[in-house]
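Since this is a predicted model, take the numbers as computed values, not measurements.
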Amino acid sequence: MRIKLSAKTLRSDLVRRIEEISGQNLLACYQCGECSAGCPVAFAMDMLPSQVIRLVQLGQVEEALESETIWFCAACQTCYARCPKGVDLSRIMEALREIALQEKGDHLDIETISLEELAEFPQQAFIGGFRKYTS
């Protein structure tokens with residue numbers, strides 16, 4: 001894959017929006033890989049967490065939004081605890097999920113979900129909501 005870099009791509013409105021939603025400086029990450037090395041669900045992801053943040057750093061947000069990794073992030077904060085620069089990658093993943101839902105629409109009608117089905121939903125949805133609405 002060939003990526004064309006430009007100031008416009010690197011600092012696009014979408015990249016700035018991710019930084020605004022997450023409260024994180026994307027360029028603080030220098031790709032040490034600690035987040036990916038410590039991630040307890042990296043084995044299930046289609047790309048490593050460090051690869052997702054690199055895509056966003058390079059302005060390739062659409063590709064990051066297509067990744068299943070953003071949905072597998074458990075928001076456990078292991079990446080944040082291990083990051084030498086203090087980048088909270090789980091907040092970036094939450095921002096990407098939020099943007100994906102805004103762009104592609106919410107495909108679930110919450111009223112039609114039974115309690116049994118709701119019990120099977122991934123916990124990151126609840127953790128992300130708690131962090132977002134209680135801090």
| message | Suppose the criterion is salt bridge (charged side-chain N to carboxylate O under 4.0 Å, His left out): which pairs have a residue in residues 66-77, not counting sequence neighbours? | response |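 Output for this query lists E66-K104.
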| Does anything in residues 16-44 pair up under salt bridge (charged side-chain N to carboxylate O under 4.0 Å, His left out), and if so which pairs, sequence neighbours excluded? |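 Residue pairs with at least one partner in residues 16-44: R11-E19, D13-R16, E34-R82.
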Residues that [X] engages under side-chain hydrogen bond (donor to acceptor under 3.5 Å, both in side chains), provided they are two or more places apart:
X	result
Q31	none
D46	S67, T69
Q57	R54
S22	none

Minimum-distance pair of heavy atoms, taken over all atoms of [X] and [Y]:
X	Y	value
S90	C79	N-SG, 3.8 Å
R97	I70	NH1-O, 2.6 Å
Y30	P84	OH-CG, 3.2 Å
L48	A42	CD2-CB, 4.1 Å
L65	L96	CD2-O, 3.3 Å

| Does the side chain of I92 come within less than 4.5 Å of V87's, by heavy atoms? |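 Sidechains of I92 and V87: in contact.
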| message | What I'd like to find out is whether the side chain of E62 reaches to under 4.5 Å of the side chain of L14, using heavy atoms alone. | response |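 A side-chain contact under 4.5 Å exists here.
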| query | How far does OG of S36 sit from CD of Q51, to the nearest 0.5 angstrom? | reply |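 That separation rounds to 7.0 Å.
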| said: Please report the interatomic distance CD1(I21) to CD(Q102), rounded to the nearest 0.5 Å. | reply: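 Rounded to the nearest 0.5 Å, the CD1-CD separation comes to 5.5 Å.
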| field | Check: D88 main-chain N/O paired with Q24 side-chain donor or acceptor under 3.5 Å | value |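 Confirmed, Q24 side chain pairs with D88 backbone.
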| query | Between T78 (side chain) and G38 (backbone), is there a donor-acceptor pair under 3.5 Å? | reply |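 A pair under 3.5 Å: no.
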| request: Under the salt bridge (charged side-chain N to carboxylate O under 4.0 Å, His left out) rule, what do R91 and E94 come out as? Steps first, then yes or no, please. | output: CA-CA 5 Å; R91 287 187 181 268; E94 174 65 21; over 6 Å; no
